[in-house]
Amino acid sequence: MKEVAPLPKAQIFVAREIITTDPNRPRAEAVAVVGVRIAAMRSHSELEALAAPQRYLINETLVAKVLFAGFVGKHVHPVLSAQEAASEQ
């Protein structure tokens, strides 16, 4: 039987408010990140319930902050793009 690598530990970042770009869910209070990827944005309790079967960490460093969804343009930030490409390998 082939061994399966464990999932990376998820982090749930709790914020005062998260403004999303999803018209069906324009606001959230927490974002789950696995590795370097956003996995979900929901309420704190919803994300804890979703993450419960695996290891996760609650990160409250942004609890007093408002987050806004954004992106890094690869043509504007070539160094960040190179770092991202290197981390995906």
Side-chain angles (χ1 to χ4, degrees):
M1 178 179 231
K2 186 176 180 180
E3 249 184 74
V4 177
L7 292 171
K9 185 187 291 187
Q11 283 196 73
I12 297 174
F13 290 89
V14 181
R16 181 166 53 109
E17 181 179 24
I18 300 170
I19 301 168
T20 75
T21 56
D22 181 353
N24 296 319
R25 189 183 297 264
R27 303 277 191 269
E29 63 183 29
V31 59
V33 177
V34 179
V36 297
R37 305 236 183 251
I38 294 175
M41 286 188 282
R42 301 234 180 349
S43 73
H44 183 179
S45 60
E46 286 176 303
L47 289 182
E48 282 199 81
L50 288 171
Q54 68 178 21
R55 301 175 314 148
Y56 66 94
L57 173 71
I58 301 295
N59 187 320
E60 294 184 333
T61 58
L62 304 172
V63 76
K65 306 287 184 188
V66 175
L67 303 179
F68 183 78
F71 67 94
V72 175
K74 294 181 188 264
H75 62 282
V76 178
H77 301 284
V79 173
L80 291 175
S81 298
Q83 289 174 338
E84 181 181 318
S87 71
E88 290 179 356
Q89 296 177 0

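Just so you know, residue 1 is the first one in the sequence shown, and it goes up from there.
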**Distance in Å, Ile18 CD1 paired with Phe68 CZ, rounded so as to fall on 0.5 Å steps** =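 Here the interatomic distance stands at 12.5 Å.
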
**Message:** Return the CZ to CG distance between Arg16 and Leu62, rounded to the nearest 0.5 Å.
**Reply:**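 If we round to the nearest 0.5 Å, Arg16:CZ and Leu62:CG are 12.0 Å apart.
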
**Request:** Check side chain to side chain donor-acceptor pair (under 3.5 Å) between Ser43 and all other residues, then give those that pass, not counting sequence neighbours.
**Result:**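 For Ser43, the residues satisfying side chain to side chain donor-acceptor pair (under 3.5 Å) (neighbours in sequence not counted) are Ser45, Glu46.
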
**Request:** Give the cluster check for Ile19 versus Met41: same hydrophobic cluster or not, with ILVMFWY residues linked at side-chain heavy-atom distances below 4.5 Å.
**Result:**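 Cluster IDs for Ile19 and Met41 differ.
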
**Item:** Residues clustered with Val63, ILVMFWY side-chain links under 4.5 angstrom
**Value:**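 Under the 4.5 Å side-chain rule, Val63 groups with Ile12, Val14, Leu47, Leu50, Tyr56, Ile58.
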
Can you list, pair by pair, the side-chain donor-acceptor contacts under 3.5 Å of residues 23-34, counting residues two or more places apart and other chains?
from  : atom 1 : to    : atom 2 : distance (Å)
Arg27 : NE     : Glu17 : OE2    : 2.5
Glu29 : OE2    : His44 : N      : 2.8

